[in-house]
Each structure stands twice: as structure tokens, then as C-alpha cells.
Enquirer: 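Quick one: structure below, then a few questions.
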2 protein chains.
Amino acid sequence: MALKKRILIHDIARHLEVSIATVSLVLNGKAQESRISAALAQRVLSYVEEVGYKPNQLAKSLRTGKTHTIGLVVEDITNPFFAAVAGLIERKILAQGYRILYCSTNNDPVKTRDQLALFEEQHVDGYILALPGGVEAEIQALVRRGKPLVLFDRSLPGIQANTVVVDGAAGMYAGTQHLLAQGFRSVALVTLQTSQAHMVARRQGYSQALQEQYLPELVLEIDYEQAPEAIIERMQAFFQEHATCDAVLFTTNYLGVHGLEALRNLNRRIPEQLAVVCFDDNDLFRLYSPPITVVAQPLEALTESVISTLLTALTGSGEFSPPTQLQLAPNLVVRQSTIHPLRAGSS
Amino acid sequence: MALKKRILIHDIARHLEVSIATVSLVLNGKAQESRISAALAQRVLSYVEEVGYKPNQLAKSLRTGKTHTIGLVVEDITNPFFAAVAGLIERKILAQGYRILYCSTNNDPVKTRDQLALFEEQHVDGYILALPGGVEAEIQALVRRGKPLVLFDRSLPGIQANTVVVDGAAGMYAGTQHLLAQGFRSVALVTLQTSQAHMVARRQGYSQALQEQYLPELVLEIDYEQAPEAIIERMQAFFQEHATCDAVLFTTNYLGVHGLEALRNLNRRIPEQLAVVCFDDNDLFRLYSPPITVVAQPLEALTESVISTLLTALTGSGEFSPPTQLQLAPNLVVRQSTIHPLRAGSS
DNA sequence: CTGAAAGCGCTTACAG
DNA sequence: CTGAAAGCGCTTACAG
């Protein structure tokens with residue numbers, strides 16, 4: 001029943017009849033440079049191991065300013081893309097002894113600002129960020145103060161910071177070209193009504209492909225704030241209004257999911273009546289009937305780049321170095337949703 | 001260019017010409033009980049607001065022992081169920097001023113132990129846990145030391161702790177009964193090879209429904225460690241071997257997803273050749289062709305219960321109170337994957 | 001190698 | 001209400 005009193009560095013020192021400094025130096029790997037004998041260091045280490053002493057991280061953090069904590073900010077942890085990113089980041093960074101604080105922004109700059117402030121109060125060592133617009137000033141301040149951070153998925157206009165993004169323009173260009181090559185001629189885009197960099201790029205890839213063929217654009221912009229039901233209804237109205245449209249690209253996975261539901265409600269056959277491409281892959285697209293052609297993001301490479309960039313900044317010499325800016329190539333995965341049985345190869 | 005020096009409580013006190021204690025007491029809402037005049041308190045508050053002073057949480061935590069951080073341990077953050085739980089928990093608890101540290105266990109007790117130790121070093125105030133078997137001793141120790149925690153999704157054998165689970169036995173019983181009522185007679189179960197409480201319960205619900213009808217069980221146990229490809233192959237072999245089986249229930253969403261892929265590879269028609277039920281819902285099941293009948297978990301109620309239980313423990317008087325043990329009812333959602341066109345209503 | 005000491009930035013009795 | 005002080009548990013020069 002007796003609560004074991006938490007053991008302190010002081011207890012270790014007293015038991016070994018050495019000074020607190022000695023214990024601390026050994027524990028922090030500074031035995032050599034402090035000219036502590038290997039034998040003594042070993043004695044300390046094995047006793048610490050024996051009694052299971054763990055330094056109080058709070059005290060350590062207060063003293064050193066390091067918390068070994070990373071703040072992960074995503075748009076929405078329930079979105080399969082961000083969940084996958086979170087999972088991969090976790091796997092890669094926990095092994096380095098870091099912990100992860102996370103939060104979802106839901107693209108709300110006010111909420112994001114609050115959360116960034118909380119992370120800062122908590123003294124996170126570094127940040128991994130997929131941000132909404134409207135927090136440029138806060139991020140600029142972090143950059144200026146030399147905080148290790150990396151933006152991913154989307155960059156922030158006017159901010160010079162480590163960034164790892166997927167080339168949305170190239171991806172959507174490839175997707176649109178693929179549709180055109182399959183003989184589709186009235187190609188719509190369903191995207192978000194936003195000026196965020198990644199969405200702008202994806203739309204631009206679509207536009208460019210159409211312009212090169214002198215084909216008109218047909219764009220539906222969805223308000224992120226809306227409830228799923230409203231989004232689905234909006235899409236249904238759009239597809240009914242534009243009945244001659246024979247192909248559509250969705251710029252995010254959840255727009256794609258809602259789009260499939262809208263098309264199912266309308267009984268549109270894919271790809272006979274409407275070909276479908278989505279940016280970003282997931283189980284649903286892969287197993288849907290018909291399987292959906294996607295512009296897949298390189299999740300493994302993306303997270304690997306994010307982590308290595310962050311670790312470099314974290315362990316950096318502290319001196320200024322130019323930000324790393326990476327743009328990764330997505331991968332067009334052609335499935336049946338864009339292979340028109342009658343038109344295939346007719347381009 | 002000049003780095004603004006971080007402002008300290010000392011600076012506030014000096015500027016207002018009051019004592020540090022006064023500032024601290026006002027900031028911690030103890031102005032009244034310390035008989036500090038409302039006017040002075042107001043002066044402090046507005047100056048603090050004006051200069052944007054934020055107390056250093058590390059120092060505060062070291063002193064008070066509270067970090068306002070919750071440790072969330074899930075099986076796998078990329079699993080839609082756990083991602084949904086994480087999202088809802090986040091939404092409900094960030095508003096209370098708590099931050100969330102998370103980690104995935106992948107059902108590995110060693111990894112789980114390491115992470116729990118990290119969380120403890122970090123002095124999290126409370127825990128929300130979906131655990132693998134093999135960490136009973138660690139949890140028992142947390143409980144004994146009065147740490148606020150709540151187990152969810154699955155209980156831990158022999159551990160008396162706050163627990164919020166979904167009634168898997170009732171859910172699978174209902175799903176199996178539904179299949180029998182639809183006229184299916186050779187009903188298989190695909191589950192995990194594990195002794196975890198939630199899986200045992202789900203299997204037991206299946207067994208009971210069959211036993212009541214004197215029907216034989218047909219169970220495939222999958223090893224969690226295997227790669228998806230291996231799991232799919234294993235399932236294909238199973239379904240080929242048991243060709244007369246006319247219905248199947250999957251006990252988790254990812255087993256269901258892999259199962260659908262296996263059945264697609266085998267060109268089995270659902271429900272004509274095989275009816276399908278899955279425990280846990282997601283977009284894929286809802287939009288699949290045909291839509292899949294599921295035993296849906298009450299996510300909103302589940303997370304609400306988890307949070308309120310944890311907050312009670314967190315703000316509790318510290319005195320012992322018996323653990324809260326909640327079991328929520330799941331909801332059978334019948335879709336076309338179990339409605340046999342020829343047999344419907346024939347039961 | 002050691003020991004005493006300062007300091008990270010707070011909170012909180014305590015005496016006045 | 002105030003002021004001085006202890007203390008949360010560490011790390012790290014510094015003099016010896």
C-alpha cells in the first residue's frame with residue numbers, strides 16, 4: 001500500500017556517495033568531457049538502471065528549454081490523408097524520442113492561432129504544419145525566432161520556410177490530360193472555394209490542360225464550411241445542370257467521396273455517363289465499383305522528407321540556413337472510372 | 001530584428017509596482033480569497049492582456065504537477081475508427097484547455113509500455129487508452145496511484161478502471177441473428193487471433209446466435225501481425241475452401257475492407273453468393289456496391305462518455321470513487337449486402 | 001572528479 | 001494586500 005516515493009537525482013547521488021553533478025553529467029553523456037572515469041560512469045548507469053530512475057522531464061525542460069515534443073497541426077485528423085500522415089510521422093519520429101501533440105484546424109484560422117499559442121506555451125521543440133490561410137503573421141514570427149518547423153501539403157504565401165508539398169499542378173494536369181486522351185471532352189472540376197496554395201495549384205493544372213486543347217473550363221467551388229449533406233446536394237444540382245459534362249475531377253479525397261455519393265444518388269454510371277478522377281487515394285477509391293482513377297500522393301516520401309527536414313532543423317547548429325523547399329511528384333493511378341468502354345484509345 | 005525578450009511575471013509585477021505574489025494570485029483566480037481588491041485585480045488583468053503575457057507552462061507544471069496534457073493511446077491512428085475517435089475527443093477536450101499527446105500501439109505491448117513510460121515522464125494529467133494485452137501491470141500501477149484514466153473500446157482483464165466500451169457481443173449477436181432471419185444458414189466469422197476483450201465479446205455474440213439455432217460455427221482467425229496481402233490471401237483460401245458458406249461477419253473494419261478485396265478477387269457476388277456484415281461502419285461500407293450491412297458503433301456517445309468520465313476523474317476531489325464502467329449499445333444498420341433477393345423474408 | 005550554488009519561472013504558505 | 005523566501009527537480013559553470 002505504501003506509495004513508493006518517486007526517486008530523485010539526489011537519492012542516486014547520495015546512495016552512490018557521489019555528487020549530484022556527477023550523476024547528471026553521466027546521465028547526459030558528458031562523462032568523458034568532464035573526465036569522469038569510465039568505471040564511475042558505469043557504476044552510476046547501472047545503479048540508475050537498477051532502481052529505474054527517470055529524470056523529471058518537466059524540470060529538465062524548464063532548465064534546458066527542450067521538451068522533446070513536436071506539434072503536429074493538420075486540417076482534420078479524421079481525413080484519411082492526414083490520418084495516414086500522422087501515422088507515418090508518428091512511426092518515424094517516436095523512435096527519435098519525440099512525442100507528438102496534435103490538433104486539427106478544420107481550416108479555421110482562429111482555432112489554429114489558439115492551438116499554435118497552446119503549443120508554444122507548451123514549448124514544443126518543433127512544428128509540422130498543414131495550415132489554413134490567415135495565420136501568416138504567426139508563422140512568420142515563428143520562423144523569425146528560428147523555431148524548427150516544416151510546412152507540408154500546402155505552403156503559405158509569402159512565407160520562406162521549410163516546405164514539403166506534392167506537385168498538385170502536375171498531378172491534376174496529368175489527370176486532366178488522361179481524361180482528354182480517353183476522349184472525354186467536357187471535363188469539370190470540383191474544388192474548394194479557397195485561396196490555399198495547394199488548391200490553387202491543383203486547379204491550375206486542370207486549367208492548363210484544358211487551355212492547351214482550347215477546351216472550356218467548368219468549375220464548381222464548394223464551401224468548406226458546409227455540412228456533407230449540403231455539399232452532396234450542391235454537387236447533384238451541378239451535375240444535373242451540366243448534363244453534357246462527361247468527366248469530372250475532384251481536388252480532395254473527401255470531395256471525391258461526397259461526389260461518389262452524389263453521383264450514386266443521381267444514378268449516373270461511371271464511366272459510361274461520367275468519368276471520375278480524384279486527387280488523393282484511399283481504400284474507398286480502390287475498392288469502389290468501378291475503381292476510381294486517382295492522383296496518388298507519395299505518402300511515404302512526403303513524411304520521410306518532412307521528418308528529415310525537421311530533424312535537421314531540430315539538431316541544427318542554430319545558425320541560419322536557407323529553408324528546404326521540396327515538391328514531390330504525385331502518381332497517376334489509372335483505374336476503370338476513366339476507361340470508357342466505347343471510347344477507349346480513341347483519342 | 002531585436003528579439004523581443006520574453007516577458008516574465010516579474011516584469012509584470014515591477015511595472016505595476018505590486019508584488020509577484022499578487023500577480024500570480026490574480027492570474028490564478030485567487031484574488032478574492034486573498035482579499036485582493038477587485039480594482040487591483042482588474043489592473044493586473046488588463047495589463048497582462050495588454051502586453052500579452054503568458055505564464056511559462058513548464059515552470060507552472062513543475063511547480064503544480066499539472067500539465068493540462070492528456071495521453072491518447074490508440075491501436076492505429078490510421079484506422080478510421082480510431083481516427084474518428086481522436087477527432088471527436090480532440091474537439092471535446094481542447095475546449096477544456098487540454099492538449100493531446102497521442103500514439104499508436106499497433107497492438108504491440110512493448111511499444112505500448114515504452115509510450116506509456118514516455119507519457120508518464122511527460123507528466124500527462126490523464127490517459128485515454130485502447131490497449132493491447134500485456135500491459136496489465138502498468139495500468140494497474142497507474143490506477144493504484146490514482147492517475148485519471150479511462151479505457152475505451154476494450155477493457156483489460158482483471159483491471160478495475162473507468163471503462164467505456166461498445167457491447168460487441170450484443171452487436172454481433174444482432175448481426176448474426178439478422179443473417180439467420182434472412183435465411184442464411186452457413187454463417188462464417190472472420191476475426192483476429194487475440195484474447196483481447198472486445199474481440200472475445202464479438203465472437204461470443206456470433207457463437208451464441210448460432211448455438212441457439214443449433215448451427216455450426218465456422219471461424220477464421222487472422223494474425224494481426226500479417227501484411228494486408230497475406231491477410232487477403234488467407235481469406236481467399238478460406239472462402240474457397242468453404243464454398244458452401246453463404247454469409248460472413250467481420251469483427252473489425254479493416255478485416256472487412258480486406259475481406260471485400262478478397263471477395264472481389266474471387267468474383268463472389270454479394271449478397272447472392274455471400275452475404276456480408278461488418279462490425280464498425282465507414283465510408284467504404286456505406287458507398288460500396290452493394291452497400292454493406294454493419295454493426296455501427298455510437299462514436300458520438302462513446303467519445304462523450306470517455307471525455308466526461310475523464311474530466312470527472314481529472315477534476316475529482318482526489319478521494320477514491322468506484323470506477324465508471326459503461327457499455328454502449330451498437331446499432332445494426334441493414335444494407336443490401338445481407339438482403340438476398342430470392343430469400344428475403346423467407347425466414 | 002567534487003561540492004556548493006545559481007538559475008530555469010513559476011506558486012504558495014507565512015509573517016507582517 | 002505586500003515582500004521575502006522556499007521549493008518544484010533538474011543542469012551547468014565554477015572554484016577547488
Side-chain angles (χ1 to χ4, degrees), chain A residues 4-45 47-48 51-69 97 120-125, chain B residues 4-45 47-48 51-69 97 120-125:
Chain A
K4 272 237 285 269
K5 185 116 178 56
R6 204 186 150 86
I7 181 165
L8 305 178
I9 193 169
H10 171 251
D11 304 318
I12 304 286
R14 193 169 43 185
H15 178 271
L16 292 176
E17 296 181 315
V18 300
S19 78
I20 289 180
T22 305
V23 177
S24 178
L25 291 169
V26 168
L27 252 24
N28 290 301
K30 302 193 176 171
Q32 283 233 272
E33 68 189 68
S34 307
R35 319 215 282 134
I36 294 171
S37 72
L40 212 204
Q42 198 42 250
R43 260 182 73 214
V44 171
L45 255 16
Y47 183 65
V48 160
V51 297
Y53 166 68
K54 307 267 186 200
N56 181 323
Q57 291 300 320
L58 251 27
K60 239 178 131 141
S61 294
L62 178 59
R63 188 55 230 251
T64 64
K66 299 287 169 222
T67 56
H68 290 277
T69 305
E120 185 166 2
E121 278 182 41
Q122 192 86 341
H123 290 239
V124 301
D125 288 348
Chain B
K4 271 236 284 270
K5 186 119 176 52
R6 204 185 150 87
I7 181 166
L8 306 178
I9 194 170
H10 171 252
D11 304 319
I12 302 285
R14 193 168 43 186
H15 178 270
L16 292 176
E17 296 181 314
V18 299
S19 79
I20 290 181
T22 306
V23 176
S24 178
L25 291 168
V26 168
L27 252 24
N28 290 300
K30 304 194 174 170
Q32 283 233 272
E33 69 188 67
S34 307
R35 318 214 282 135
I36 294 172
S37 73
L40 211 203
Q42 198 42 250
R43 259 181 74 214
V44 172
L45 254 17
Y47 183 66
V48 161
V51 297
Y53 165 68
K54 306 267 187 200
N56 181 322
Q57 290 301 321
L58 252 27
K60 239 177 130 141
S61 295
L62 179 59
R63 189 54 231 248
T64 64
K66 298 287 169 222
T67 56
H68 289 277
T69 304
E120 184 166 3
E121 278 182 40
Q122 192 85 341
H123 291 240
V124 301
D125 288 348

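A note on names: the letters A, B, ... follow the listed sequences, proteins ahead of strands, and every chain is numbered from 1.
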Enquirer: What is the distance from CD of A:Q57 to C1' of D:dT11, rounded to the nearest Å?
Expert: 13 Å
Enquirer: Measuring from B:L8:CG to B:H10:NE2, what's the distance to the nearest 0.5 Å?
Expert: 8.5 Å
Enquirer: Identify the nucleotide, in any strand shown, that forms a Watson-Crick or G-U wobble pair with C:dG16, with both distances under 3.5 Å; if there is none, say none.
Expert: D:dC1
Enquirer: Heavy-atom distance under 4.5 Å between the side chains of A:N28 and A:K60, does that happen here?
Expert: yes
Enquirer: Please state how far atom NE2 in B:H123 lies from atom C1' in D:dC10, giving the value in whole angstrom units.
Expert: 11 Å
Enquirer: Between D:dT11, C:dT11, D:dG9, spot the one nearest the side chain of A:N28, thanks.
Expert: D:dT11
Enquirer: Is it true that the side chains of A:Q122 and B:T69 contain a donor and an acceptor less than 3.5 Å apart?
Expert: yes
Enquirer: Specify the separation, in whole Å, of atom NE2 of A:H10 and atom P of D:dG9.
Expert: 12 Å
Enquirer: Looking at C:dG9, I'd like to know if its phosphate oxygens (OP1 or OP2) sit under 4.0 Å from a side-chain N or O belonging to B:K60.
Expert: no
Enquirer: Taking only N and O in the side chain of B:Y53, is any of them less than 4.0 Å away from OP1 or OP2 of C:dC10?
Expert: yes
Enquirer: Without decimals, in angstroms, what is the distance between A:I12 CD1 and D:dT11 P?
Expert: 12 Å
Enquirer: With rounding to the nearest 0.5 Å, note down the distance linking CD in B:Q57 to OG1 in B:T67.
Expert: 9.5 Å
Enquirer: Compare all side-chain heavy atoms of B:H123 with those of A:N56 and state whether any distance is below 4.5 angstrom.
Expert: yes
Enquirer: Provide, to the nearest angstrom, the distance between the CG atom belonging to A:L62 and the P atom belonging to D:dG9.
Expert: 12 Å
Enquirer: B:Q122 CD to D:dG9 P: how many Å, rounded?
Expert: 16 Å
Enquirer: Please report the interatomic distance CD1(A:I9) to CG(A:L27), rounded to the nearest 0.5 Å.
Expert: 6.0 Å
Enquirer: D:dG9 P sits how many Å from A:L27 CG, rounded?
Expert: 16 Å
Enquirer: Quick one: what's the B/S/- string for nucleotides 2-7 of chain C, heavy-atom cutoff under 4.0 Å, read 5' to 3'?
Expert: SB--BB
Enquirer: If you only use heavy atoms from C-beta on, which nucleotide in C:dT12, C:dC10, D:dC10 is closest to the side chain of B:K30?
Expert: C:dT12
Enquirer: A:T64 side chain N/O closer than 4.0 Å to the phosphate oxygens (OP1, OP2) of D:dT11?
Expert: no
Enquirer: Can you tell me if B:S24 uses its side chain to pair, donor with acceptor, with the backbone of B:I20 under 3.5 Å?
Expert: no
Enquirer: Over how many whole Å does the gap from B:H68 atom NE2 to C:dT11 atom P extend?
Expert: 11 Å
